Asks: 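Sharing a structure below in structure tokens format, with a few things to ask.
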Amino acid sequence: MQKPNQFIQLRLQKLARLRELGVDPYPIESHRSHKIGEILEDKDEWIAQQTQLSLCGRLVAMRRQGKLGFGNLEDDSGRVQIYVQRDLVGEDNYEIFKLFDAGDFVQIRGTMFYTQSGEYSIKATEVTMLSKNIRPLPAVKEKMEDGRLIRYDEFSDIELRYRKRYLDLLLNPSHRQVFLWRSRIISGIRSFLDARGFVEVETPILQPLYGGANARPFITHHNTLDVDLYLRIATELYLKRLIVGGFERVYELGKDFRNEGMDRTHNPEFTMLELYQAYTDLRGMMEITEALFHYIADEVMHKSVYRFRGYDIDLKQPFRVATMTELVKEHAGIDRSDMDYDRALAFCTQRELEIPEGAGVGRLIALLFDEYVEEKLIQPTFVVDYPKEISPLAKAMPGNPLLADRFELFMAGYEFGNSFSELNDPVDQRTRLEAQAALKAMGDDEAQVVDEDFLEALEYGMPPMGGLGIGMDRMVMLFTENDSIKEVILWPQMRPE
RNA sequence: GCAUCUCUAGCUCAGUCGGCAGAGCAACUGACUCUUAAUCAGUGGGUCCGGGGUUCGAAUCCCCGGAGAUGCACCA
């Protein structure tokens, strides 16, 4: 009876045979003259010129038949057939070729030609092993028929795809494409912001205090300092310190970490864009948000309507702007938007919503919004007039002390962005953070903490400004039309096996 | 956290009423100097997610546990 690793045993034997033939199966040197994508352009020219080529890549299929053999060679630019004939490469080299397997990295020297059946191929004059595969790849075969790709067998087990992402990328080109788009979207964002005079910065991930959002943090420990540190839940408070320091437009694209549940829109570590711009406010942030989505749609994706969560999200139309209370009125079956505490409480109680301890009218309205409105906001909608009570870092609206100058952007029922005119009154900010600390003391483990160093920075003076945060993973989900965050994060969090 | 579903060969899956563990592809051996899901002939390959129970007999039924998916709850 063969052992479970029978495949590996057999390939190790081939490895030994290669060494017996004097071949290093893992040589240092490789020589690539052209990428496969290049030689797929102007095919007749490559044949007419009989250019001497040296192609490198992974063998993804092998069809040996006696004294000749075919294979498919793939690099990151394309795939081409190789043709290896004993009489052309010589007997010794052909012995080496016979030890090639699908999965090996190899180098093929030769010239291009068309086979008798018309397939554009490289006719080998020499084959070289570059890196021997000892664990066979899952078999995925495919063929083109009438321009359509037909796949036989698959590598589709979701758990395996996430845990062995390299196999998913290798065997499922459409999944590889998602991450190419992700990369282009992120660099598109950089181009967009750089062109507007923003400076990209990096702030600490390991922080002595966490802040800038309502969430539970991860805690870690630094040995030399012998202190516990938090993994950041937001970049906000450090970016604001930079505005105090004289930068006028900054942004950071990076990971935040929140010690909370996981589902198809939440991963414990996720990528966030935050930006801050001095001498503008919420209106400026609204403009930049809409412009950013339009820019990515037009310049990166070249498409304006996205099929997402069963909806057609149209990014071409101007984004709707609506106040939270009017939306609550519209969707929660409430007949008036001028709610005071008693009325809001009555609505919540009537609907059997759980009232958090210490909740004022603002949190109650937000509760109704979460419960009845969020999922109904399909086309891009800026929700404005947020309760100040749930916006401890935002400026109050002039003339209405209960509201903050804040918006959140919703599409397809999901939050996509969060923005406000940033609070720069150090005295007010202290009061608000102390209120958060009081909530924390009452058991709200997501309430914020008082960051004295941040407050001190504000006391030195911070200009009026707008700030914005956009979740990158969700943005990539929208633009690549994926309903699960795990499809757009290379290694989503999984339980250890 | 709760509920439902899934877990069988390297991959994708079938497995009836509880009665010998199966297929395709992959792998191996042989044949083959224009194949391309190569073909033809042959061969090997299993902790049926793990543990326990019921039974003459369990992939199958029951219990406990694990992982994943989905929904709900929590959460931005």
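Letters A, B, ... mirror the listed sequences (proteins, then strands); counts begin at 1. Just so it is clear, the model here is predicted, and its values are computed rather than measured.
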Asks: Which of these nucleotides, B:rU33, B:rA76, B:rG68, is closest to any side-chain atom of A:R163?
Replies: B:rG68
Asks: Are A:K141 and B:rC11 close enough that a side-chain N or O sits under 4.0 Å from OP1 or OP2?
Replies: no
Asks: Using Watson-Crick or G-U wobble geometry with both distances below 3.5 Å, tell me the partner of B:rC2, or none.
Replies: B:rG71
Asks: Tabulated below should be each protein N or O lying under 3.5 Å from an N or O of nucleotides 72-75 of chain B; please produce it.
Replies:
| unit_1 | atom_1 | unit_2 | atom_2 | d |
| --- | --- | --- | --- | --- |
| B:rC75 | O3' | A:E446 | OE1 | 2.3 |
| B:rC75 | O3' | A:E446 | OE2 | 2.7 |
| B:rC75 | O2' | A:E260 | OE1 | 2.5 |
| B:rC75 | O2' | A:E260 | OE2 | 3.4 |
| B:rC75 | O2 | A:H266 | NE2 | 3.1 |

Asks: Spell out yes or no: do the side chain of A:E374 and the base of B:rA76 have one donor N/O and one acceptor N/O closer than 3.5 Å?
Replies: yes
Asks: Distance check, P atoms only: B:rA27 and B:rA37, in whole angstrom units.
Replies: 15 Å
Asks: Is the positively charged end of A:R258 above the ring of A:F270, judged by distance under 6.0 angstrom from the centroid and angle within 45° of the axis?
Replies: no
Asks: Any chance you could lay out the side-chain hydrogen bond (donor to acceptor under 3.5 Å, both in side chains) test for A:R406 and A:S391, step after step, and finish with the verdict?
Replies: CA-CA 8 Å; A:R406 172 181 182 183; A:S391 313; 2.8 Å; yes
Asks: With a 3.5 Å cut-off and just heavy-atom distances, do the side chain of A:Q85 and the base of B:rU33 make a donor-acceptor pair?
Replies: yes
Asks: Determine whether any donor atom in the side chain of A:T115 lies under 3.5 Å from an acceptor atom in the base of B:rU35, or the reverse, and answer yes or no.
Replies: yes
Asks: From B:rU35, B:rA76, B:rA26, pick the nucleotide closest to the side chain of A:E415?
Replies: B:rA76
Asks: Between B:rC7 and B:rU12, how far apart are the C1' atoms? Round to whole Å, please.
Replies: 14 Å
Asks: So does A:Q81 reach the base of B:rU35 with its side chain, donor to acceptor, closer than 3.5 Å?
Replies: yes
Asks: Which nucleotide, in any strand shown, forms a Watson-Crick or G-U wobble pair with B:rU29, with both distances under 3.5 Å?
Replies: B:rA41
